[in-house]
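Right, one structure below, let's go through it.
Since the structure is predicted, the reported quantities are computational estimates derived from the model, not experimental observations.
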Amino acid sequence: MKKESKTIQQVKDYIKEHLNEAIKLDEIAKTVGYSKFHLNRMFKEETETTIHQYILKLRIEQSAQLLLNTNQTVLEIALSSGYTTQQSYTVAFRQIYEMTPQGYRIQHSHKPSSTVNNEIKSERQRENNIVHIESKFEQMKVRMAA
């Protein structure tokens, strides 16, 4: 693998500094002084991945650390990682780690299995409550529109 150019390193640094924000290719390109089209081609040529894929990969890797080091639910981590649904997050997570976020948490957790099982039950209950509340909210919206 060839050495990355200064420009590509600047792009990576920018992405890491702004990972928890909405990152726009236009802004990255403006920062390094290239058109977004040329920059994307350069990035792909040097890294064998697109800027978008690189951002997604970093966000998933960051979320994996949250799974292991926080008590946040998978849904909370999905939303904080920029995903709009737990399902889309799980699909992206599985593409990188070849398992679900919950499976990753269980497999890599250093907690006793009884503690992990209790946390899983609590998380499922919270997520079921959220789904139930969202469903009730949708029903109310339909009734109010009628």
Side-chain angles (χ1 to χ4, degrees), residues 1 4 7-32 34-145:
M1 183 174 229
E4 290 179 355
T7 301
I8 299 307
Q9 192 54 56
Q10 287 176 312
V11 170
K12 287 183 168 184
D13 291 344
Y14 179 93
I15 290 168
K16 289 174 184 171
E17 289 173 23
H18 298 88
L19 193 58
N20 294 323
E21 303 167 20
I23 300 174
K24 296 187 175 160
L25 184 55
D26 289 329
E27 285 298 315
I28 299 171
K30 183 178 170 184
T31 301
V32 296
Y34 285 96
S35 77
K36 64 183 178 182
F37 305 106
H38 183 67
L39 181 61
N40 215 15
R41 278 192 302 273
M42 285 174 53
F43 194 90
K44 173 94 172 162
E45 196 174 285
E46 290 191 35
T47 65
E48 299 179 356
T49 189
T50 66
I51 292 173
H52 179 72
Q53 290 167 333
Y54 180 74
I55 292 168
L56 293 178
K57 182 177 181 278
L58 288 182
R59 286 183 173 156
I60 291 293
E61 289 171 353
Q62 183 181 55
S63 75
Q65 291 305 307
L66 292 174
L67 287 166
L68 299 180
N69 299 314
T70 71
N71 289 327
Q72 290 180 298
T73 66
V74 173
L75 179 60
E76 290 168 336
I77 292 171
L79 296 175
S80 72
S81 298
Y83 291 86
T84 55
T85 67
Q86 183 175 334
Q87 182 180 9
S88 62
Y89 168 70
T90 298
V91 168
F93 192 94
R94 191 185 300 252
Q95 288 175 341
I96 293 175
Y97 289 102
E98 298 180 350
M99 63 178 66
T100 66
Q102 190 60 42
Y104 183 88
R105 177 176 264 171
I106 292 167
Q107 185 172 338
H108 293 87
S109 177
H110 300 294
K111 299 175 185 175
S113 61
S114 61
T115 302
V116 172
N117 287 337
N118 288 338
E119 288 176 0
I120 291 168
K121 287 177 187 172
S122 295
E123 180 172 334
R124 284 186 183 143
Q125 184 59 47
R126 281 193 301 270
E127 289 172 357
N128 286 339
N129 289 344
I130 290 169
V131 169
H132 179 72
I133 290 167
E134 289 173 345
S135 173
K136 290 291 184 188
F137 182 70
E138 289 299 318
Q139 290 172 4
M140 286 175 46
K141 282 180 15 184
V142 168
R143 276 189 240 139
M144 290 174 66

> Are side-chain heavy atoms of Tyr34 and Ile28 found at a separation under 4.5 Å?
Replying inline: no
>> Tell me whether Glu27 contacts the main-chain N or O of Lys24 through its side chain, where contact means a donor paired with an acceptor under 3.5 Å.
In response: no
Using distance only, find each side-chain donor-acceptor pair of residues 15-23 under 3.5 Å and give its atom names and separation, not counting sequence neighbours.
{"unit_1": "His18", "atom_1": "ND1", "unit_2": "Tyr14", "atom_2": "O", "d": "2.8"}

Identify each donor-acceptor pair in which a side-chain atom of residues 90-101 lies under 3.5 Å from a protein atom, sequence neighbours left out, and give them as a table.
{"unit_1": "Thr90", "atom_1": "OG1", "unit_2": "Gln86", "atom_2": "O", "d": "2.9"}
{"unit_1": "Thr100", "atom_1": "OG1", "unit_2": "Gly103", "atom_2": "N", "d": "2.9"}

> Nearest 0.5 Å, what's the CG-CD distance between Asn71 and Glu76?
Replying inline: 9.5 Å
>> side chain to side chain contact (heavy atoms under 4.5 Å, CB included) for Glu46 and Val11? Distances and angles first, verdict last.
In response: CA-CA 12 Å; Glu46 290 191 35; Val11 170; over 6 Å; no
>> Taking ring-ring contact (aromatic ring centres under 6.0 Å, His included) as the definition, give me every residue that meets it alongside His108, ordered by chain and number, with sequence neighbours left out.
In response: Tyr104
> Which heavy-atom pair separates Ile60 from Ser63 by the least distance, and what is that distance?
Replying inline: O-OG, 2.7 Å
> Does CD belonging to Gln139 count more than 12 external heavy atoms closer than 6.0 Å?
Replying inline: yes
>> I'd like to know if Lys57 pairs up with Glu61 as an ion pair, taking the criterion as any Lys NZ or Arg NE/NH1/NH2 lying under 4.0 Å from an Asp or Glu carboxylate oxygen.
In response: yes
>> Checking Thr47 against Lys12 for the side chain to side chain contact (heavy atoms under 4.5 Å, CB included) test, could you report, in this order, the C-alpha distance in whole Å, the side-chain angles of both residues, the deciding distance, and whether it holds?
In response: CA-CA 11 Å; Thr47 65; Lys12 287 183 168 184; 4.0 Å; yes
>> If you compare all heavy atoms of Lys36 against all heavy atoms of Leu25, which two are closest, and at what distance to 0.1 Å?
In response: CB-CG, 3.6 Å
> Is the closest side-chain heavy-atom distance between Thr49 and Phe43 below 4.5 Å?
Replying inline: yes
